[in-house]
Structure formats: structure tokens, C-alpha cells
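This report concerns only the one structure given below.
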Number of protein chains: 4
Amino acid sequence: MADKIKPKTRKDLIMDAALCIFAEKGFQNATITEISKEAGVSDATVYEYFGTKEDLLFAIPERITKDTFEASAKVIPYIKGVEGKIRAILLFYIQLYQSNPNYSALVLLQLMSNKRFRQTPAHTAIRKSSHVLLDCIREGIADGTFKKDSNPYLVRSMFMGTIEHLFIHWHMQGMPKRKPSIAELLDPLLEIVFDGIRAKKADSGTTLYLKLEDAGALAKILQKKGGGTTS
Amino acid sequence: MADKIKPKTRKDLIMDAALCIFAEKGFQNATITEISKEAGVSDATVYEYFGTKEDLLFAIPERITKDTFEASAKVIPYIKGVEGKIRAILLFYIQLYQSNPNYSALVLLQLMSNKRFRQTPAHTAIRKSSHVLLDCIREGIADGTFKKDSNPYLVRSMFMGTIEHLFIHWHMQGMPKRKPSIAELLDPLLEIVFDGIRAKKADSGTTLYLKLEDAGALAKILQKKGGGTTS
Amino acid sequence: MADKIKPKTRKDLIMDAALCIFAEKGFQNATITEISKEAGVSDATVYEYFGTKEDLLFAIPERITKDTFEASAKVIPYIKGVEGKIRAILLFYIQLYQSNPNYSALVLLQLMSNKRFRQTPAHTAIRKSSHVLLDCIREGIADGTFKKDSNPYLVRSMFMGTIEHLFIHWHMQGMPKRKPSIAELLDPLLEIVFDGIRAKKADSGTTLYLKLEDAGALAKILQKKGGGTTS
Amino acid sequence: MADKIKPKTRKDLIMDAALCIFAEKGFQNATITEISKEAGVSDATVYEYFGTKEDLLFAIPERITKDTFEASAKVIPYIKGVEGKIRAILLFYIQLYQSNPNYSALVLLQLMSNKRFRQTPAHTAIRKSSHVLLDCIREGIADGTFKKDSNPYLVRSMFMGTIEHLFIHWHMQGMPKRKPSIAELLDPLLEIVFDGIRAKKADSGTTLYLKLEDAGALAKILQKKGGGTTS
DNA sequence: AATGAATGAGGGTTCATTCAT
DNA sequence: TATGAATGAACCCTCATTCAT
């Protein structure tokens, strides 16, 4: 456990400064001079490490995204059940975004709408992770956890869209302290979606939805054997 | 109902051109010269109508958004039931975005992350509409349509986030023809969310989740009186 | 003879200033700021008229060269005899170079060694003029004025090379007043070259080299047969 | 004749690389980084040997020019007759330029128009050689080989200007294989110039120009005493 | 109302050169 | 001696914006 505390290299300093400035003022309104000053180096030094202002921009998520998704990929396989896997993936996202607000501001507000970003390794990592999520959903459909007629793309958009929407609004409002933090909204979110797409079969024996006024009828049913509802 | 076909004013021509260029290249990468050329006027003429480039940017959603939400506001009151109202509101959004891709590209990719946009009349209209949606959700909770413990903010984010996510991805992929158009995904989306937040019983509103192997225990409970929840 | 004195346009002012600065300091060492200041306009104004610093460079000889060679082309046809034509062409060059030292400095010292200049209209005009000169030499060979075995390319290089060499050295020495001006050297130059390539006799054209001390032997030979020419 | 194969020093490597790059892209468009990479050393090493980029530029012709003109100076005195001497000097130039295209490109296209180059030792050597050429011409005038009224400066410019012109064009056209190589044009060049400036006196007894059909007349003349022609 | 013409202000990028190691 | 790392100093070029006509 002997931690090698890597001393921050100049390259790291520049990226840190750039993340800070880009997140605060946007890519176009940030200047190299401002970034280099924040990093404590000269303009020219920035160009020693990054060919272009845009290269610098794209280098930032590359480092962070790579680390995160590698960590994510190591954990996911150990989780059993698609619902648990999905929860884990989304939790990674939320924690990444929440623990590094500058990063999430950058990705969600600057990069997502940048077409050239779609061709960077960082975006490839994001896409890959997004694909893992999609596969989990498909797996859930295949193994009967979720309804057969669920649209996995829609479900993924529901997860990612909701989370991104929450973060975007959080950022646009100046990142106020939230009573229910966004992480705390994950389970309610999952509950709603899973509840909406979960297969509810009587005989297979998973879950039962019933209304209490049917209690009498239910009692009878139960004495015979099983029964369920669907939406 | 004699339609006044308004002849396109110079102002409209400029806004049309600007919408087109802004959507295609982004606000920062668009130039006034390019827009004025597209509009068939001179650079200086643009400044006759709009004080700054940003004023021009903000003027575009103002016109469109206002019209749309006025139309929306007229229709909503006539719809009975929160689920129907919510559906109507979201359909307005989707149709607006889908029928005017340049507009949705502008709003979703350029404006949403612009802090100054939040202080424009156009954003006020959007916020108002967003508030109507929130009110519908709250109404649904209050009238027992939705579960008492639903988080209306989360639910709204689910609706809006999902729809925006679908449109953003559609734009980023070059707006391909989709097999299920985004409009066609509205009902599946609603079904999942409503199913996830709908109160399972009209009068009491509590919900019971149980597993069938507890059927025996349940039968006893039911005979006494009761109910519980599981996730 | 009503002269329209064209007022110098801004474009002309810029080109004049640029010619001046480029000739003095060289293309690479001249700055747009310096030129625009000399022209009494702003940097940006230079770019209103010329897309690039290099465009500005190439625009200068275009104007001058075009005028000169048009004038030249009008006069040449009226001159009879290839020697007269050649003299006229070279005189045009010399007068152009001499009356506009900045221009000749630019062309001879900056542009001649610029590969991209070779693809400009100005260079096309120069090439055309150079071709006219070559044609005159060929014509002289064809019509018996010059020796059949003269190499027209070499002869052209002798004319142009000599003139350019004289001007280059004149420039490199700071354009001193010359006792024999370069124009005054034209006739001596022509005399030497023409004398060297002129056919000594129309019909036979073989050449004899002999030394006078062999006069006695020659006399005998001649009484038997023959006679010849030398170059 | 035991050759000392000098191992290429780092300094030589750098100069070789620089010659190569300068010739190809021009002084201004070449970068130290490019040169040092080509030489296999670091940027800083270049500055170990050469104070500035321009020093490096000027160092290149110094080495080559010195060697050449020393060799030239050793040979010339052994040649009898000014025409032979002139021929030898020009042949040295041509062979130098032709055998080392990068060098000639550098000298003719980059250095000739550089005012500071005129103050370098390399240029002094060139000037010295040029002066030897001038002295030969003067000697020819003085000893009656050439016409008394010949302008030695003009004659020198004719030699040097023609040769340089031929080489410049050869370079600007991408150094194509020439049918008559430039070296092969030397004698035709000399023939034309010498023919144009050679003193042609009957009594002094040098050369005779005559046409064969005049043979009869000539025979008579010769029996009296000499005769010549002029242009 | 409309615009041609002009520009101030600024930004990204390059590169010769330096210097501690 | 050799160099990796760093930078100061420019320069080209862009463009939103202005204003006289």
C-alpha cells in the first residue's frame, strides 16, 4: 500500500487549469493565455504538450474517462443480476459527475454537442460504457427480468437522459446544495423504471401487485395458487 | 379565419438564416457575414434589427417558443386527467423538436448550456411550460393518480431528460430516419413512467409487493388486515 | 488628352506601401502592421483587399507586369527585323526595372526564387514575354539573321541573365548612381551577342579558323579551293 | 595521396542537414527543429556550434566556397591565355553548381539576395573569384585579345548572369535532366561572347573571319597582307 | 432603411533561443 | 559536450461592430 504520490507533471497542471477554465467560461471563451497563467506556465509551454487548443480540450476527458470506465469494467462482472449491474453502472456515472463537477460541466455542457468530440478516444470510452448499459438492459429482457416488449434504447435513454438532465440543471443553477443529492435520486429513478419494465408474471413467482380491496379475492386465489397483474 | 399571409419581413429572413447557420455550425463558429449573406442582406442590416450577435441568437427561440407554448396553453385546460395532460405537453415538445430540427438543435445543443439564455424571455417561456408539467405531476400526486412519495422533480427530469436525450442523440448522429420515430416512443415512455409511479390502488394508494412463496403468510395477513412494500 | 487622374484607391495605397516595405526588408521580414501603417490604414483593412500576406505580395507584380507587357505587346509588332524587336523587348525590361527600383528588387530578389509565384498570373505574363523573346531569337535563326546552330535558349539566357545580373548587383550595392546606366549597357550587350551569333554569310555557313601566320599556307589552299567563316 | 577520411563531425552533420533543408524549403521556412532532427541531434546542440540560425546559414557556403576557390586559384595561374583562364574559372563555377545542387540552390536562391551575406567571408571568397574573372577580362583588353572599348563589367555580368540564369531556371523547374547540360553550354556561351568582343585586326594577326565564296578575293588580300571582319 | 467600407481588439500559434542539468 | 524543457516575442488573421452616406 505504499502510495507513489506522483508529483503533478506540468502536463497535469495544464490540464487541471484547462478543465477549470473551460468548465467555467466555455471552450470558446477561454483563452490559452488564461489557462497558461492559471497553470503557472507560458503560452508556448501549453503547445509543447498539446498541439491545439482543441487537443487540450479533448485530452481532459480522455484521462478521466479512461480511468473511470476501467474501474467500472472491473466491478461490473462481479455483480449478479441485471438490475444490480445497471445500478452499479449508473452509480459510477453519478459519482464521477458529482465528485468532479468541472468534469461533468465540461462533458455535459461543452463536449456533448461537439461533433469532433465524437471521434476522440474519450468518447469511444463513453460509448463503450453506454453499450455495456445497453447490453445489461438487453440481458434483462432476454432473461425475463424485463418485459419482452421493452425497447432497450428507450430504457437506456431514460436512464442516461434523466441523469444528464439532473446534472445539467444542477450546473445551470450554479450547483446548489441539493437536499436530495442526485445520487439519492438514483434508487427512486431505478424503482420507477424497473417497476415500469419488470415482467410481472404470476406463475414464475416473482412479484405480485395487488390492490387491497381485492384482498378477499386474493386470499381465495392464494389458497388455490398464484396470480398477478400487469399494466 | 381569413389567413393573413404575412410576407416575410427582413427581420424574419435574418432570423431564418441565423437559425439555419447557428444550428449547422454552432453559435461561435457562425459569422454575421455568413448569416447576412444567407439572408441576402448586408452585415450592417443585421445590426439594424439586432443589437448584437447574441441578441440575434436569443431572438430566434423567443419567437418560436412563444407561439408553441401559447398554443400549448390553450389546449391543455381542455384535457382531463393528469396523464392525458402530461402526454399532451410532451407531445407538444416532441412535435416542436421534430418538425423543426434546426430549432431543436439550437435549443438543445447551443442554448441549453448558455447561462445568459436563462435570463431571456424565451427561456422564461420554456420554464413556464416546464412548470406546467411539474404542476401536472404534482396534481397527479395530489389526486392519487400517482404515488404519494413520488418525487415530482425527478419525474419531470425523467420525461424531459429522456426526450432531450433522444433528440440530442438524433442530432449528433446526423438526424437519421428512425424506425420508431421519437414521437412513437412517447407512449412507451409514458407507459413505463406512469406504470412506475401510478398508485396501485385508487382509494388507499398503498402498494403491496410480495413474493409468492410468502403466499401462505400473506393469506394470514390478509385475513387480519394489512399491507407492505418491497423494492 | 483629358487625363482622368484616378484618385489612388485604398487598394493602391496598400499595394504601394507593400511594394515599398517588401522591397526594403524582404517578404518574410515585413509585417502587415508595418505595411498598413505605411499605407495609413488598419491591419484589418489590408485583409479586406487581400486574403493573405502572400496574396498581397503576388498582387503587386500582377498589376505592374500586366500593364508593361500589354504595352510591350502593342509595340513589338511594328518593329521590323528581329534585332530591333529583341532590342525593344529588352529595353522594356530595363526601363521597367530601372524606373521602378522597388518593383525590380521585389521581382528579382524576392519573387524569382519563390515557387508559388510561378503559378500566379503575373508570372504567366513574364513567361509570355520571355517566350516572345525566344520566338524572336528563333525567328532570327530561321530567317538567316542568326547562325543556324545558335541555341536560342542560351541566347535568351544571355540576354535575360545579363540584365538581371546587372540589376541584382545594382540593388545589392544600394542602387548607386551608375556612370553608364544599365540602359546604356543595352547596346553594348546587344552588339556583343549579335556579333557573336550573326550569320556571317547567308548561303554557305561553314566556318574556318585560321591564324594569320599561316597566311602563306592558306593562300595556297585558297587558290586550290574554298573559304569559310568563324564565330 | 593518402586520403584522410575525416569522420563527419557533429558540426558537419548539422551543416549537411541545414544545407539540405535550407535548399529545399528556403531559409525562412526551415526550422531549427527540422534541421536538428535531420542531423540527428537536439535543437540545443545546433546552438553549441552556431550562434544563430543565420550563422548556420552563412557557415555553409563558407566551407564549400573556400575549398572551391582555393582549388581554382591553384589552377588558373598555369593556364595560358585569358580565354583559357576565363573558361577555366567559369567551368569551376558550373561544376561547383552542378555537382552540388543544394549548394547552388542555396547560393543562387537564398543568399544572393541577402544583404548580410555580403559581409561574410564566404561572400568575400566569391567576390575575390569574381574579381579574378574581371581581371582576366581586363587583361584580355589590355593585351589586345579583346576590343579596347569592351566594358569588362558588362562582360563579366554576361558570363556570370548567363550561368546563374541557367542554373536558377534549372532549379525552379525542379532540376530536370537537361539534354545539353549546363556545362555543355559553356563553350557555346564563350564562343558567342568571345566572338563578340574579340579584337579583329588584320595587322595584329590573330584571327581571320572569312566566307568561302570570298576565297578568291581573300587569296589576293593575303598575298598583299591580312584582312578581317567586324559586326 | 440599408449598406459599403473600415477597424479595434484580441487570439491561436510558431519558433529561435536559453539554460539547468 | 549534449539536451530536454521552457518561453518571450511576435505575427497573421478573424470578426463583431460602427458609421458616413
Side-chain angles (χ1 to χ4, degrees), chain A residues 9-11 13-14 27-37 39-57, chain B residues 9-11 13-14 27-37 39-57, chain C residues 9-11 13-14 27-37 39-57, chain D residues 9-11 13-14 27-37 39-57:
Chain A
T9 65
R10 274 183 132 73
K11 190 169 181 175
L13 283 175
I14 293 166
F27 175 70
Q28 303 268 12
N29 300 314
T31 71
I32 292 290
T33 301
E34 199 175 0
I35 292 168
S36 67
K37 203 166 290 174
V41 301
S42 73
D43 281 29
T45 299
V46 174
Y47 285 91
E48 281 285 307
Y49 294 101
F50 305 95
T52 287
K53 191 188 175 190
E54 201 179 57
D55 286 350
L56 171 56
L57 172 67
Chain B
T9 65
R10 273 180 129 78
K11 191 167 182 176
L13 284 175
I14 294 167
F27 175 70
Q28 302 269 13
N29 299 313
T31 67
I32 292 291
T33 301
E34 201 175 359
I35 291 167
S36 66
K37 200 170 293 175
V41 301
S42 73
D43 283 29
T45 299
V46 173
Y47 285 89
E48 286 286 315
Y49 294 100
F50 306 94
T52 70
K53 191 186 173 190
E54 204 178 54
D55 286 349
L56 171 56
L57 171 67
Chain C
T9 65
R10 274 182 133 77
K11 190 169 183 177
L13 284 175
I14 293 166
F27 174 70
Q28 303 267 12
N29 300 312
T31 70
I32 291 292
T33 301
E34 201 175 357
I35 291 167
S36 66
K37 204 167 289 174
V41 302
S42 73
D43 281 31
T45 299
V46 174
Y47 285 92
E48 281 284 308
Y49 293 100
F50 306 95
T52 286
K53 192 187 174 189
E54 202 178 57
D55 285 350
L56 171 56
L57 171 67
Chain D
T9 64
R10 275 180 128 76
K11 190 169 181 176
L13 283 175
I14 293 166
F27 174 71
Q28 302 269 11
N29 299 313
T31 69
I32 292 291
T33 301
E34 199 174 1
I35 291 167
S36 66
K37 199 170 292 173
V41 302
S42 73
D43 282 28
T45 300
V46 173
Y47 285 90
E48 286 285 315
Y49 294 100
F50 305 95
T52 70
K53 190 188 175 190
E54 203 178 54
D55 286 350
L56 171 56
L57 171 66

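Letters go in sequence order (proteins before strands), and every chain restarts at 1.
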> Quick one: which of dT3(F), dC11(F), dT13(E) gets closest to the side chain of Thr31(C)?
Replying inline: dC11(F)

> Once you round it to whole Å, what is the distance between P of dG10(E) and CD of Glu34(A)?
Replying inline: 13 Å

> The side chain of Glu48(B) lies closest to which of these nucleotides: dT17(F), dA1(E), dG12(E)?
Replying inline: dA1(E)

> Where do Lys11(C) and Phe50(C) come nearest, in terms of heavy atoms and distance?
Replying inline: CG-CZ, 3.7 Å

> Want to settle it: does Glu54(C) or Ala30(B) sit nearer the 5' end of DNA chain F, counting the closest nucleotide to each?
Replying inline: Glu54(C)

> Whole-Å distance between dT17(E) C1' and Asp55(D) CG?
Replying inline: 12 Å

>> My understanding is that a pair needs two contacts under 3.5 Å, Watson-Crick or G-U wobble. By that rule, which nucleotide pairs with dA1(E)?
In response: none

> Looking only at heavy atoms, what is the nearest atom pair of Asn29(A) and Glu34(A), with distance?
Replying inline: O-OE1, 4.3 Å

>> If you define the side chain from C-beta out and look only at heavy atoms, does anything of Thr31(C) sit under 4.5 Å from Lys53(C)?
In response: no

> So which nucleotide from dG4(E), dT17(F), dC13(F) ends up closest to the side chain of Ala44(B)?
Replying inline: dG4(E)

> Which nucleotide sits closest to the side chain of Thr52(A): dT17(E), dT7(F), dT13(E)?
Replying inline: dT13(E)

>> The side chain of Ile32(D) is closest to which nucleotide in this list: dT17(F), dA16(E), dA2(F)?
In response: dA16(E)

> Quick one: is dA2(F) close enough that its OP1 or OP2 comes under 4.0 Å of any side-chain N or O from Thr45(D)?
Replying inline: no

> Atom CZ of Phe50(C) and atom C1' of dA6(E): how far apart are they, to the nearest Å?
Replying inline: 15 Å

>> Tell me whether the side-chain N/O atoms of Arg10(A) come closer than 4.0 Å to OP1 or OP2 in dG4(F).
In response: no

> Does some side-chain heavy atom of Leu56(A) sit less than 4.5 Å from a side-chain heavy atom of Val46(A)?
Replying inline: yes

>> Taking the nucleotide of DNA chain E with the nearest heavy atom to each, does Asn29(A) or Val41(B) sit closer to the 5' end?
In response: Val41(B)

>> What is the distance, to the nearest angstrom, from the CG atom on Leu56(B) to the P atom on dC15(F)?
In response: 16 Å

> Once you round to the nearest 0.5 Å, how far does OG1 of Thr52(A) lie from CD1 of Ile32(A)?
Replying inline: 9.0 Å

>> I need the CG-C1' distance between Asp43(A) and dA6(F), as an integer number of Å.
In response: 12 Å

>> Rounded to whole Å, how long is the line connecting atom NZ of Lys53(A) with atom P of dC13(F)?
In response: 19 Å

> DNA chain F: Gln28(B) or Val46(A), which has the more 5' nearest nucleotide?
Replying inline: Val46(A)

>> Please report the distance, rounded to the nearest Å, between CG in Leu13(A) and C1' in dA5(F).
In response: 14 Å

> Across all strands, who's sitting opposite dT17(E) as a Watson-Crick or G-U wobble pair, both distances under 3.5 Å?
Replying inline: dA6(F)

> Among the nucleotides dT7(F), dT18(E), dC13(F), which one has an atom lying closest to any side-chain atom of Tyr47(D)?
Replying inline: dT18(E)

>> Looking at every heavy atom in both Ala39(A) and Ile14(A), which two are closest together, and how far apart are they?
In response: CB-CA, 3.9 Å

> Whole Å only: how far is the NZ atom of Lys11(D) from the P atom of dA2(F)?
Replying inline: 13 Å

